[in-house]
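One structure is given below, encoded as C-alpha cells.
Just so it is clear, the model here is predicted, and its values are computed rather than measured.
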Amino acid sequence: MVVPELKAWRAARPHVVRVARSVRPQLVRAVEAVKPPLVRAAGAVKPLVTRPSTVQFTAGSATLGLVVAATVVTAAGPWDSTGQRTAEREWAASQGRAGGADHGHVSGTSGKAPAPAPSAASVLTGLGGSVGAGPSPTEKALADVLGPLLDNAALGTERTAAVVDLATGKRLYGKGADDALTPASTTKIATAVAALTAAGADHRIATRTVLEPDSEKVVLVGGGDPTLTARKDAEGNASLRTLADRTARALKDRKTDEVTLSYDTSLYEGPDVHPIGLDNTNVARVTALMADEGRLDDTSSGTAKRTEEPAADAAKEFADLLKDRGIKTADPVPAKATDRAKSLAAVKSPPLSALVERMLTNSDNDIAEALARQTAVAAGEPASFKGGGTAIRKQLKKLGLPLKGAEFADGSGLDRADKLTADLLTALLAKAADPAHPELRAALTGLPVAGFTGTLSTRYAGQPGTGLVRAKTGTLTGVHTLAGTVVDTDGHLLAFAFLTASDPPTEPTATQKGLDALSSTLATCGCN
C-alpha cells in the first residue's frame, strides 16, 4: 500500500530542486540521508505532513564554500515574515526550473543570503525501495560514539543527554537523563507544548477597542498579543493601524469624532518585569498590551533596547493613529473596561501555531512569556510568572510527561530557576510527533534548521548535520543546551537533548561546537 504522502512525493519528484554541479560528493550523500523520513510518513512523521512533502536543496556561495542542505516541509500555515524558513518553504524553482532558491534574510545576520544554485543532475534516486526499515540505533553503539564526545572538556563540568526513537517513543540512550539542569531557552519547547495543549493551535489573540455605555470613552483592551505591530507593513501580524481604521469607522458611524481614550492591561497579573530586570535587551515588560515588543529599533527578533512603558507607548501610538483618521482624543490613561462596554473593533494575531514557530525559530523571549500567560489564561490560572509556571506544569502533567525535578519559573528560560531533564525534553518532542497530538506539530516545525535558520543559522559550519538537524538552542552564562530532532542514516527520526553547565563558565563557541558535534554524529553514525 502506498501512503498518500509517498504518492505526493512521486508526483512532485520531477520538480525537486537541482543542486550545483560543483557540489562535493560527500555533501550529496548527506542530502540522501533526508530521504527516508518521506517514506516513513505512515509512522511518526506522518502527522507532521499537512501538505505534499517537499524536499529542497539549497546551495550558494558562502565563506566556507558551497553549502548544500535538504529539509522536509512538515506543516502548512503562516511563515515568519523575516524569511527565516524560506529555505524549507520554497519549491526551489520547481516551476521556473532555474535552479535552487536562496535562504532569504535571517534576522541578526549581514543579510547576504546565498545565491540560487545553478541547475544540475538530480541527486535523488527513486523512492520505490524499502527505507528506514533497519534496526534502531542500539544503546551500546550510541554510547560508543556519544560517550567520548560528552567527555569533551569544552562542555563543562555537568552534562546530561538523552536520545529517543520518535517512531516508538523508546529511549535509546541516556546519560544523567533524569538529572534536572538549567535548560536556558530549551524551556521554550515546554512552553510551546503547554500553550498548544491549553489554548489550541488555531487560537488567535485579540486586541480590541470598546466603547463605554452612554459616554464617549473608548478603551483599548490588550489581549496579550506579543506580535501586535504599529509598523506600516504588518507582515501578517495584527496591526494597530488596522485597529485604528476600524475603530475610527465605527465611531464615525455613531456620529462621533471626539473621544477620551484609555488602555486596559488587566488581563495579566503580578509583576511585569522579568527577574533578570529591565536593564537588558532580551525581553520587554510582560504586559497584555504592547506594539512591536516594545523595541526601539526596526528589528523583529534578537536583542534590542526596549521602551520602559510598552503599554503606555502603544496606547499613545494608537491615539495618534486615531487623530490621523479624524478622531480627536487626548493622551490616553490606564483604566479597566467595564463589563457593559460595547465592542467597537478588533484585530487578531496569527494562529498560536505560527507564534510558537516564530518563538522557537528566533528564540523570542517576548513571545515565550506571552505564551506562558496565554497558557495560564486558558487553564484558569493567574496570568503571571508564577501562574504561567503552574499552568505549564499542569498541561504537561495532563500529557503524562516525566516532570520529576522540573521547575518552571518563566516561559522563556531566561530565569536560572528553571530546571528540566533531558528525559523531559525528548519526551516533549516525542509527544509533538505523536499521531494522537497533531495540535502539537508546531513544536517541531518551528525548530531552527542547522546552518540555515534562526538561532542555528550561524552554527554547524563544516558539520555533517547541516540541513539535517533541527534543534532549539539554549544559552546563558555557563549554560549551553540543545534539543531537537535528526534523521539518522537508516532513516530513523530521533529526538535528542543535551544539557551542559559549568562553573566557571566554558568558552561559549567551543561548547556550542561540542553540542553541534553530538547532534551531527547522530545524523551520520547509523549506530546499530
Side-chain angles (χ1 to χ4, degrees), residues 37 43-45 47-48 74 136-139 141-143 145-147 149-150 158-194 196-197 360 392-393 395-397 399-406 408 413 418-437 440-448 450 465 468-474 480-488 492-500 515-516 518-523 525 527:
V45 183
L48 304 185
T74 53
S136 297
T138 66
E139 182 176 3
L142 286 170
V145 296
L146 297 181
L149 295 174
L150 284 166
E158 295 182 88
R159 69 287 304 268
T160 66
V163 179
V164 168
D165 187 335
L166 288 184
T168 64
K170 178 183 177 182
R171 190 174 84 184
L172 305 175
Y173 174 79
K175 178 181 175 65
D178 297 325
D179 297 339
L181 295 181
T182 300
S185 279
T186 51
T187 297
K188 293 183 175 73
I189 298 174
T191 302
V193 170
L196 291 166
T197 300
L360 293 173
I392 290 171
R393 173 176 283 277
Q395 298 308 306
L396 302 189
K397 185 177 181 180
L399 295 172
L401 296 169
L403 294 171
K404 182 180 179 180
F408 302 99
D418 292 319
K419 300 294 178 185
L420 298 182
T421 65
D423 250 359
L424 176 55
L425 284 168
T426 51
L428 285 162
L429 296 167
K431 189 65 68 173
D434 188 335
H437 292 281
L440 303 181
R441 292 303 173 267
L444 296 182
T445 59
L447 295 173
L468 302 178
V469 172
R470 307 187 67 145
K472 181 70 198 77
T473 57
H480 297 275
T481 60
L482 191 69
T485 65
V486 63
V487 181
D488 73 6
H492 293 283
L493 184 61
L494 308 177
F496 63 85
F498 305 115
L499 294 87
T500 71
L515 292 173
D516 297 347
L518 284 160
S519 54
S520 289
T521 296
L522 288 174
C525 77
C527 294

**Distance-only polar pair, side chains of Asp179 and Thr160, donor-acceptor under 3.5 Å** = no
**Request:** Using modelled atom types only, decide if a donor and an acceptor are shared between the side chain of Thr481 and the backbone of Ala184 within a distance under 3.5 Å.
**Result:** no
**Side-chain heavy atoms of Pro137 within contact of Val163, under 4.5 Å** = no
**Request:** For the residue pair Pro402 and Thr421, establish whether any side-chain heavy-atom pair is separated by less than 4.5 Å.
**Result:** no
**Fill in**
Correct closest heavy-atom pair for Leu360 and Ala192 would be CD1-CB, 4.4 Å
**Prompt:** Donor-acceptor pair, Arg393 side chain versus Ala406 backbone, under 3.5 Å?
**Reply:** yes
**Asked** So which heavy atom on Leu150 is nearest to which on Ala161, and how close?
**Response** CD1-CB, 3.9 Å
**Fill in**
So CG of Asp418 and OG1 of Thr187: to nearest 0.5 Å the spacing works out to 4.0 Å
**Prompt:** Between Leu440 and Thr197, is any pair of side-chain heavy atoms under 4.5 Å apart?
**Reply:** yes
**Asked** Does Asp488 reach the side chain of Cys525, with side-chain heavy atoms less than 4.5 Å apart?
**Response** no
**Fill in**
Output for pair (Leu444 CG, Leu493 CG), nearest 0.5 Å, gives 8.0 Å
**Message:** If we ignore hydrogens and angles and just use 3.5 Å, is the side chain of Arg470 paired with the main-chain N or O of Thr445 as donor and acceptor?
**Reply:** yes
**Prompt:** For the residue pair Ala422 and Ala497, what are the closest heavy atoms and their distance?
**Reply:** O-CB, 3.8 Å
**Asked** Atom CG of Leu494 and atom OG1 of Thr485: how far apart are they, to the nearest 0.5 Å?
**Response** 9.0 Å
**Message:** Between Lys472 (side chain only) and Lys188 (backbone N and O only), is there a donor and an acceptor less than 3.5 Å apart?
**Reply:** no
**Request:** Would you please test Leu425 and Leu499 for side chain to side chain contact (heavy atoms under 4.5 Å, CB included) and show each step?
**Result:** CA-CA 10 Å; Leu425 284 168; Leu499 294 87; 3.8 Å; yes
**Request:** Using atom types as modelled and distance alone, determine if a side-chain donor or acceptor of Thr500 lies under 3.5 Å from a backbone N or O of His480.
**Result:** yes
**Item:** pair Leu429-Leu447: side-chain heavy atoms closer than 4.5 Å
**Value:** yes
**Prompt:** Which value, rounded to the nearest 0.5 Å, describes the distance between Leu522 atom CG and Phe496 atom CZ?
**Reply:** 7.0 Å
**Message:** Does any part of the side chain of Leu420, heavy atoms only, come nearer than 4.5 Å to the side chain of Phe408, both counted from C-beta?
**Reply:** yes
**Request:** Please examine the side chains of Leu424 and Leu403, heavy atoms only from C-beta on, and report whether any two atoms are closer than 4.5 Å.
**Result:** yes
**Request:** Looking only at non-hydrogen atoms, find the nearest pair between Ala177 and Gly174 and report the distance.
**Result:** CB-CA, 4.2 Å
**Prompt:** Distance from Leu146 atom CG to Leu518 atom CG, nearest 0.5 Å?
**Reply:** 6.0 Å
**Request:** Could I get the full list of side-chain hydrogen bond (donor to acceptor under 3.5 Å, both in side chains) partners for Thr473, not counting sequence neighbours?
**Result:** Thr455
**Item:** Ser519 side chain reached by Leu482 side chain, heavy atoms, under 4.5 Å
**Value:** yes
**Fill in**
Rounded to the nearest 0.5 Å, the CG atom of Leu149 sits from the CG atom of Asp516 at a distance of 11.5 Å
**Request:** Please say whether more than 12 non-hydrogen atoms of neighbouring residues, nucleotides or ligands are located less than 6.0 Å from NZ in Lys419.
**Result:** yes
**Asked** Taking 4.0 angstrom as the limit, do Asp423 and Arg171 come out as a salt bridge?
**Response** yes
